[in-house]
Protein chains: 2
Amino acid sequence: MIDKLEMFIALAREEHFGRAAAAQGVTQPTLSAAIKQLEDQLGVMLVWRGSRYRGLTPEGQRALDWARRIVGDTRSLRQEMRAAREGLSGDIRLAVIPTALTVVSDLTAGFTEKHPNVRFSVQSKTSAEILDMLENLEIDAGLTYLDNEPLGRVTTVPIYDERYVLVARADHPLLSGPVRWGDLGDVPLCLLTPDMQNRRIINQHLAEAGVDVDPQIESTSVVVLVSHVLRSNWATILPVRAAEIFLAGSELGSVPLIKPDASHTVGLVAPHREPFTPVLAALLARARGLSEIGIA
Amino acid sequence: MIDKLEMFIALAREEHFGRAAAAQGVTQPTLSAAIKQLEDQLGVMLVWRGSRYRGLTPEGQRALDWARRIVGDTRSLRQEMRAAREGLSGDIRLAVIPTALTVVSDLTAGFTEKHPNVRFSVQSKTSAEILDMLENLEIDAGLTYLDNEPLGRVTTVPIYDERYVLVARADHPLLSGPVRWGDLGDVPLCLLTPDMQNRRIINQHLAEAGVDVDPQIESTSVVVLVSHVLRSNWATILPVRAAEIFLAGSELGSVPLIKPDASHTVGLVAPHREPFTPVLAALLARARGLSEIGIA
DNA sequence: CCCCTACATAGACAGCGTCTATCAAACCCT
DNA sequence: AGGGTTTGATAGACGCTGTCTATGTAGGGG
């Protein structure tokens with residue numbers, strides 16, 4: 001039964017029988033049969049049938065919610081029992097917005113010393129993808145914006161407040177003093193792509209300052225932005241925490257962006273599943289510790 | 001997996017392999033094997049082994065919490081899918097304290113008209129048993145006291161406030177006017193047994209009034225109390241809602257018990273499981289409706 | 001000390017899940 | 001419009017797992 005629910009979740013996520021089967025490590029007929037049996041046992045159609053996957057029925061959508069809970073709780077059970085057996089161990093799968101990637105090391109530092117059997121798997125994703133993956137049980141926790149966008153049924157731990165700086169080569173004329181958002185009208189910029197929340201935040205502040213920008217370079221990667229800034233006359237806007245790793249000993253400089261002193265809270269997001277598994281509880285505790293000592 | 005968790009829950013409840021197996025409709029070796037495999041899969045001991053059942057290990061206790069959630073959610077999934085298929089249907093298993101048994105008909109009235117495919121199964125239990133059965137998934141909801149005793153992770157809907165009357169044959173000397181708790185010192189009484197919360201409440205009010213009672217007749221059944229009162233010179237103390245069904249056209253009379261005007265909230269208790277299944281949601285809605293029109 | 005209760009173990013059997021191979025339908029592109 | 005491709009369903013074989021009955025073994029009680 002639980003296996004079938006896992007396959008059902010995979011199907012809803014992949015929207016494709018073949019891919020879902022591959023993701024579950026079974027063949028396509030096996031997954032097809034599992035879904036059919038699930039429908040038989042529950043007595044309702046879960047998936048619109050045709051010669052293609054055409055989405056979930058309303059009942060399928062409701063069933064998906066329950067399936068996620070059941071499968072998630074089952075994983076929690078297994079994980080907690082393993083923790084009881086061999087101490088904190090296993091993988092923590094994290095997804096992180098690009099501008100918070102440098103904060104992950106603050107989170108893992110100390111944690112891995114205390115719990116040497118815990119492995120981390122960190123991937124860079126957009127904030128929307130992070131919430132999706134959290135729902136689909138593809139990650140255990142996320143590091144993303146806590147305000148601004150609706151979060152689901154999750155537990156959040158704020159860690160720091162993002163503040164923004166303009167980053168450019170040290171000889172850039174704007175670097176002599178604080179820069180207002182409104183000053184950026186004609187500055188050549190590299191920015192993150194508009195599907196990313198950081199970019200939407202920046203767009204919003206620029207718009208409020210009456211500025212309209214049209215970046216020549218857009219990317220989902222901060223590294224791409226910085227390497228462009230390094231090699232040319234461009235500037236970029238980055239959160240302090242994302243920028244500082246590039247500033248030490250480089251030819252780059254930065255100045256705070258003011259008016260307004262924009263600030264957005266970034267923190268840990270985890271599925272709200274009472275009680276928390278020991279590993280997750282430890283991670284959340286670590287995040288609360290970070291927030292208290294004020295790493296930003 | 002889910003079957004094994006069900007067996008594990010049954011074992012924890014029955015504290016006996018044979019009885020748990022019978023409760024699950026399997027033989028004892030099957031259940032033994034299931035528990036053993038569960039322990040193997042989770043990699044921990046769940047049950048203290050000997051030639052007898054000797055309780056759960058700490059890990060078993062934690063696993064039991066998860067198992068209850070997982071099994072409960074699975075049942076919710078099935079129930080909700082059946083509701084989607086054939087409208088509200090199925091059984092609602094209720095456990096009710098004896099003094100609230102007459103209120104059940106208020107709850108079921110109208111409900112069964114609207115939802116003819118819903119069956120009710122009502123059993124009379126003590127408030128402690130009700131909370132136990134709620135945890136063990138043996139009932140879907142309970143009707144019991146909402147104050148006074150600690151409730152677990154449950155949803156509660158208050159329905160009415162219990163108020164107390166003295167019940168005796170119509171010719172009983174005390175029935176001429178309101179009676180104070182303190183007047184009951186030498187009155188021969190029949191009361192519920194001391195393991196029942198109603199009795200503990202009554203004891204408390206009597207004690208506060210400085211009265212010490214020693215009932216000659218104790219029972220877990222209100223019917224037993226009333227039949228004794230009918231046939232002899234005894235009196236009993238009952239909530240209004242429990243008493244009134246016996247008063248109409250009988251040789252009995254009642255007077256309010258005052259000083260203090262004691263009152264205890266009774267209502268519906270259901271496991272807190274988001275989202276609620278359609279039947280349970282409907283039942284809770286019905287209970288809220290009752291509370292609003294003030295059936296007491 | 002013996003018997004009874006309680007749980008574990010052994011072996012047989014059935015049902016279910018999974019695989020490979022194949023089919024049917026719908027979509028896509030020329 | 002038609003051939004090729006993609007997508008999911010179906011068929012049949014095989015192995016695993018869960019369940020049963022029968023039996024063994026260890027404590028507990030009289």
Side-chain angles (χ1 to χ4, degrees), chain A residues 1-57 59-61 63-64 67 70-71 74-75 77-78 81, chain B residues 1-57 59-61 63-64 67 70-71 74-75 77-78 81:
Chain A
M1 179 76 179
I2 287 183
D3 302 314
K4 294 175 189 170
L5 293 179
E6 293 229 32
M7 295 192 206
F8 179 56
I9 293 172
L11 176 61
R13 168 165 37 90
E14 304 288 344
E15 303 188 323
H16 186 282
F17 280 72
R19 281 198 299 276
Q24 291 296 296
V26 298
T27 60
Q28 172 263 316
T30 299
L31 189 131
S32 280
I35 301 298
K36 190 177 189 56
Q37 285 165 13
L38 197 58
E39 288 180 323
D40 285 350
Q41 288 181 26
L42 297 179
V44 293
M45 279 225 166
L46 299 173
V47 179
W48 292 122
R49 320 305 276 252
S51 74
R52 288 174 123 54
Y53 175 89
R54 297 217 186 274
L56 299 180
T57 63
E59 295 80 22
Q61 196 53 247
L64 180 61
I70 294 166
V71 169
T74 304
R75 291 189 190 171
L77 168 61
R78 288 191 218 277
M81 291 302 106
Chain B
M1 180 77 179
I2 286 182
D3 303 314
K4 294 174 188 171
L5 293 178
E6 294 230 32
M7 295 192 205
F8 178 57
I9 293 172
L11 176 61
R13 167 164 39 87
E14 304 288 344
E15 303 188 323
H16 186 284
F17 280 72
R19 281 198 299 275
Q24 290 296 298
V26 296
T27 60
Q28 171 261 317
T30 299
L31 188 131
S32 280
I35 301 299
K36 189 176 189 56
Q37 284 166 12
L38 197 59
E39 288 181 322
D40 285 350
Q41 288 181 25
L42 297 179
V44 293
M45 278 224 165
L46 299 173
V47 179
W48 293 121
R49 320 307 275 254
S51 74
R52 283 172 130 54
Y53 176 88
R54 299 217 186 273
L56 300 181
T57 63
E59 295 80 25
Q61 196 54 247
L64 180 61
I70 294 166
V71 169
T74 304
R75 291 190 191 168
L77 167 61
R78 288 191 216 276
M81 291 303 106

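Proteins come first, then strands; the chains are lettered A, B, ... in the order of their sequence lines, and each starts at number 1. Just the heavy atoms: all of them, side chains too, but no hydrogens, waters or symmetry mates, feed the values below.
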Query raised in the report: Rounded to the nearest Å, what distance is computed from the NE2 atom of residue A:His16 to the C1' atom of nucleotide D:dG8?
Result: 9 Å
Requested in this report: Determine, step by step, whether A:Leu77 and B:Leu5 satisfy the side-chain contact (heavy atoms from CB on, under 4.5 Å) criterion, reporting the C-alpha distance in whole Å, the side-chain angles of both residues, the deciding distance to 0.1 Å, and the verdict.
Outcome: CA-CA 11 Å; A:Leu77 168 61; B:Leu5 293 178; 4.0 Å; yes
Report task. For residues B:Met1 and A:Met1, determine if any side-chain heavy atom of one lies less than 4.5 Å from a side-chain heavy atom of the other. Result -> no
Query raised in the report: Do B:Glu59 and A:Met81 touch side chain to side chain, with heavy atoms closer than 4.5 Å?
Result: yes
Query raised in the report: Can you tell me if the side-chain N/O atoms of B:Thr27 get under 4.0 Å from OP1 or OP2 in D:dT19?
Result: no
Query - B:Thr30 vs D:dG18: side-chain N/O to OP1/OP2 distance below 4.0 Å - result: no
Report task. Report the distance from atom CG of B:Leu56 to atom CG of B:Leu64, rounding to the nearest 0.5 Å. Result -> 6.0 Å
Report task. Hey, could you give me the CG/CE distance between A:Asp3 and A:Met7, rounded to the nearest 0.5 Å? Result -> 6.0 Å
Query raised in the report: Could you give the angle between the helix axes at the two ends of the helix from C:dC1-D:dG30 to C:dT30-D:dA1, with five pairs per end, rounded to 10 degrees?
Result: 30°
Report summary line: Contact span of DNA chain C against chain B, any nucleotide atom under 4.0 Å from a heavy atom, 5' to 3', runs C:dA6 to C:dT9
Query raised in the report: Which letter, B, S or -, goes with each nucleotide of nucleotides 23-29 of chain D from 5' to 3', with contact meaning a protein heavy atom under 4.0 Å?
Result: ----SS-
Query - side-chain contact (heavy atoms from CB on, under 4.5 Å) between B:Tyr53 and B:Glu15, intermediate numbers included - result: CA-CA 6 Å; B:Tyr53 176 88; B:Glu15 303 188 323; 3.6 Å; yes
Using every non-hydrogen atom in the two residues, find where [X] and [Y] come nearest and quote the distance to one decimal.
| X | Y | value |
| --- | --- | --- |
| A:Glu14 | A:Arg19 | O-NH2, 3.0 Å |
| A:Ala67 | A:Phe8 | CB-CD2, 4.3 Å |
| A:Ile70 | A:Thr74 | O-OG1, 2.7 Å |

Determine all donor-acceptor pairs shorter than 3.5 Å in which one atom belongs to a side chain in residues 31-40 of chain A; sequence neighbours excluded.
from: A:Ser32; atom 1: OG; to: A:Gln28; atom 2: O; distance (Å): 3.4
from: A:Ser32; atom 1: OG; to: A:Gln28; atom 2: NE2; distance (Å): 3.1
from: A:Gln37; atom 1: OE1; to: A:Lys4; atom 2: NZ; distance (Å): 3.2
from: A:Glu39; atom 1: OE1; to: A:Arg49; atom 2: NH1; distance (Å): 2.4
from: A:Glu39; atom 1: OE2; to: A:Leu46; atom 2: N; distance (Å): 2.8
from: A:Glu39; atom 1: OE2; to: A:Val47; atom 2: N; distance (Å): 3.2
from: A:Glu39; atom 1: OE2; to: A:Arg49; atom 2: NH1; distance (Å): 2.8

Requested in this report: Kindly state which residues belonging to residues 36-44 of chain B come within less than 4.0 angstrom of DNA chain D, counting heavy atoms of the residue only, listed by number.
Outcome: B:Gln37
Report summary line: Numerically ordered, the residues 2-12 of chain A set in heavy-atom contact under 4.0 Å with DNA chain D is none
